[in-house]
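Numbers restart at 1 for each chain; the letters A, B, ... are given by sequence-line order, proteins then strands. Note that these values count all heavy atoms, side chains included, but never hydrogens, waters or copies made by symmetry.
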2 protein chains.
Amino acid sequence: MVTLKQIAEELGISITTVSKALKEYPDVSKKTRKLVRETASMLNYKPNSFAVNLRTKESKTIGLIIPEIVHHFFSSVIKGIISQAEKKGYLVITLQSNESYELEKKQIDLLLSKRVDGILISLANGTGDFKHITEVIEQETPIVMFDKIAKTVKCSKVIIDDRKAAYKATQHLINIGCKRIAHFRGPLLPQNSIDRFLGYKQALIDNNLSYDASLVYLLNDMSFEEGKFYANQLLKDHKDVDGIFINTDLVAIGAISEFNKKGIKVPEQINVIGFSNWFMASVISPSLTTVNQPGFQMGKKAFKILYKEIKDRKKRKNISYNEVILETDLIFRDSTNN
Amino acid sequence: MVTLKQIAEELGISITTVSKALKEYPDVSKKTRKLVRETASMLNYKPNSFAVNLRTKESKTIGLIIPEIVHHFFSSVIKGIISQAEKKGYLVITLQSNESYELEKKQIDLLLSKRVDGILISLANGTGDFKHITEVIEQETPIVMFDKIAKTVKCSKVIIDDRKAAYKATQHLINIGCKRIAHFRGPLLPQNSIDRFLGYKQALIDNNLSYDASLVYLLNDMSFEEGKFYANQLLKDHKDVDGIFINTDLVAIGAISEFNKKGIKVPEQINVIGFSNWFMASVISPSLTTVNQPGFQMGKKAFKILYKEIKDRKKRKNISYNEVILETDLIFRDSTNN
DNA sequence: CGGTAAATCGAAAACGTTTTCGATTTATTT
DNA sequence: AAATAAATCGAAAACGTTTTCGATTTACCG
């Protein structure tokens with residue numbers, strides 16, 4: 001591997017001058033600059049990033065912690081982050097917390113000890129304690145949370161308004177004439193499940209439809225099978241239900257599949273709205289009306305904010321936390337009688 | 001940030017001894033070892049990885065280049081790689097080539113200049129020239145290719161036998177009585193499309209079914225819409241087709257969706273087999289018979305091989321290239337009349 | 001041509017670690 | 001107690017870069 005020293009020796013000048021020539025310092029003549037440039041590219045010189053990192057105290061690398069990689073929404077976020085990072089010359093180290101608080105903590109430590117320039121994180125469902133996050137902030141390493149966040153932690157965030165989105169979805173069900181609307185909700189953590197539930201409830205109340213707790217089903221693993229199971233359960237419990245707002249598309253698809261099997265017509269007998277706009281939502285039949293969750297944009301935005309914080313910290317500007325709420329919209333398809 | 005120097009000063013001993021005490025060197029007494037350990041953890045010492053990298057010339061980081069992150073198969077591979085890498089103390093920098101040869105080349109350069117310890121890559125569809133890969137090998141940076149590989153390049157590889165898998169799928173169609181079997185094939189690159197086509201063709205020939213080129217449709221973007229389009233086309237061109245082997249699940253799902261729409265019964269009138277076993281294959285109706293492509297395992301295996309090469313190179317052992325072919329199996333579902 | 005200003009260069013320190021090898025201390029043996 | 005062996009320590013170089021600041025050279029002006 002060729003170093004500055006070798007170029008210097010080749011030309012009989014000092015390492016200093018070589019270094020400066022390669023990075024537009026004003027105190028090196030055009031002649032030697034050109035010379036250095038030429039021999040550098042001739043020898044195929046590549047700066048040793050280990051040395052650069054040590055010297056400049058930054059690695060142009062950020063860490064990313066995601067609960068689950070194999071997931072349409074999250075992989076879209078990853079793509080957004082990576083694409084934006086690459087534009088700014090940053091690389092992304094990705095880790096998966098597997099929805100485990102313990103792993104998440106270890107991974108934060110790992111990233112800090114690798115001295116990444118910043119961290120992007122979407123919290124694991126099980127995470128209820130945030131000391132590992134606040135420690136990052138105290139260490140002055142920029143961090144921004146996205147999607148699954150901790151409201152109480154003071155740092156930048158990029159989210160959607162789950163409550164509002166759920167409200168709009170439920171409102172749509174009401175607008176098209178539903179009177180008895182069920183909800184398949186997610187677990188008690190993360191916050192998103194709660195917010196979607198609250199949006200659902202609020203929409204009912206605001207439209208003078210009585211809120212009936214027995215119409216709300218608490219799911220655990222949010223799987224296709226669970227969708228089928230609770231769809232079946234719902235049919236047993238409440239014959240009069242004419243609409244459901246479901247926490248996530250996969251479950252909604254399970255439910256629709258069960259309805260199809262049982263001969264219940266969607267949307268004629270039951271209107272179904274999902275959440276996320278997974279790719280397959282457009283592909284099943286009937287296609288699924290759902291809330292579009294802009295993963296790619298969320299990733300881009302999250303990186304942009306992190307980038308700004310990294311730059312500000314470098315300039316010793318006092319950083320101000322940013323909280324961005326991305327717009328969601330309802331995608332109208334065939335599972336609702338629009 | 002606390003350094004070895006600070007610990008040394010704190011205890012009035014040399015940096016050398018501190019360093020040695022922290023890494024099980026035999027020439028430091030148990031007493032001082034204990035002392036150093038204690039103050040290190042008290043001061044929350046974390047070795048500066050930039051310095052460690054510079055000194056040891058390795059970063060415990062590998063690079064990963066993937067054509068497309070938002071993709072069930074590839075995200076499974078990523079997950080496999082990251083999970084395995086973490087076990088061995090390696091971090092993974094992920095880049096997306098977007099199926100572009102030019103980007104792929106740049107990203108290889110980027111990773112090399114970051115001095116990753118090794119590279120994992122699945123080639124972009126457009127990549128027909130492999131100089132950027134052979135350069136990596138010449139630079140003595142371990143590299144292993146997976147899934148979309150270059151057969152002519154001498155390095156370790158992890159793949160499935162696309163040809164065999166396609167053969168088995170087609171054979172199944174024949175076994176259940178299909179006489180006129182169509183094929184929706186992928187573009188001329190990557191090699192995988194070719195191999196799947198060849199497996200299809202071979203199965204026909206081996207079973208004394210004449211190969212009819214007009215039953216093979218060449219797709220471009222492998223999308224849901226294309227699946228619908230060519231399913232429609234097929235119905236117009238060939239009324240007698242009773243089975244299709246389709247290059248990838250998404251297209252197969254498009255085709256089934258079109259058949260459903262047109263009132264063509266699957267599998268009664270047409271048997272359909274896909275490829276990949278995407279998650280949604282089990283979710284549509286009828287559920288899709290398909291070839292299971294073990295992404296997670298592929299990721300794990302690819303990292304394991306890379307890891308071995310990294311270790312071997314460090315020990316200056318002469319490395320031998322490894323070519324692993326993972327088993328695939330046919331998942332029998334409702335789109336074929338089994 | 002002398003003197004000043006501007007342009008150009010390089011020595012050296014610093015980043016924080018690892019590791020070699022020689023020095024010193026302690027323990028063991030005769 | 002002297003000699004030897006074993007245990008313990010530390011100085012210093014090295015990894016390759018960046019950057020400060022002083023030194024040297026060149027250009028410019030009167």
Specify the closest pair of heavy atoms between Glu327(B) and Pro294(B), including all atoms of both residues, with the distance to one decimal.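 Nearest heavy atoms, Glu327(B) then Pro294(B): O-CG, 3.7 Å.
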Val70(B) and Ser75(A): which non-hydrogen atoms are nearest, and at how many Å?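 Smallest interatomic distance, heavy atoms only, reads CG2-O, 3.5 Å.
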Rounded to whole Å, how long is the line connecting atom [atom1] of [X] with atom [atom2] of [N]?
{"X": "Leu54(A)", "N": "dC15(C)", "atom1": "CG", "atom2": "P", "result": "9 Å"}
{"X": "Met1(A)", "N": "dT17(D)", "atom1": "CE", "atom2": "P", "result": "11 Å"}
{"X": "Lys5(B)", "N": "dA12(D)", "atom1": "NZ", "atom2": "P", "result": "15 Å"}
{"X": "Glu9(B)", "N": "dG10(D)", "atom1": "CD", "atom2": "P", "result": "13 Å"}
{"X": "Glu24(A)", "N": "dT8(C)", "atom1": "CD", "atom2": "P", "result": "14 Å"}
{"X": "Lys114(B)", "N": "dT17(D)", "atom1": "NZ", "atom2": "C1'", "result": "14 Å"}
{"X": "Leu11(A)", "N": "dC9(C)", "atom1": "CG", "atom2": "P", "result": "11 Å"}
{"X": "Gln6(A)", "N": "dC15(D)", "atom1": "CD", "atom2": "P", "result": "11 Å"}

Salt bridge check: are Lys34(A) and Glu38(A) linked by an N-O gap of less than 4.0 Å? yes
Pair Arg37(A) + Glu24(A), salt bridge at N-O below 4.0 Å: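 So Arg37(A) pairs with Glu24(A) through a salt bridge.
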Are [X] and [N] close enough that a side-chain N or O sits under 4.0 Å from OP1 or OP2?
{"X": "Tyr25(B)", "N": "dA7(D)", "answer": "no"}
{"X": "Thr17(B)", "N": "dC9(D)", "answer": "no"}
{"X": "Thr32(A)", "N": "dT8(C)", "answer": "no"}

Among dC15(C), dT17(C), dT17(D), the nucleotide that comes nearest once only the side chain of Tyr45(B) is considered: dT17(C)
Position toward the 5' end of DNA chain D (nearest nucleotide), Arg115(B) or Arg33(B):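 Mapping each residue to its closest nucleotide by heavy atoms, the 5'-most match is Arg33(B).
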Between the base of dG10(D) and the side chain of Lys20(B), is there a donor-acceptor distance below 3.5 Å?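 When only heavy-atom distances are counted, Lys20(B) does reach the base of dG10(D) through a donor-acceptor pair under 3.5 Å.
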For dA11(C), does the base pair up with any side-chain atom of Thr16(A) as donor and acceptor (N or O, under 3.5 Å, distance only)? yes
When all nucleic acid strands are considered with a 4.0 Å heavy-atom cut-off, which category describes [X]: base, sugar-phosphate, or nothing?
{"X": "Asp27(A)", "answer": "base"}
{"X": "Thr3(A)", "answer": "sugar-phosphate"}
{"X": "Lys57(A)", "answer": "sugar-phosphate"}
{"X": "Ser29(A)", "answer": "sugar-phosphate"}

Please, which pairs that meet ring pair (Phe, Tyr, Trp, His ring centres under 6.0 Å) have at least one residue in residues 12-61 of chain B, sequence neighbours excluded? none
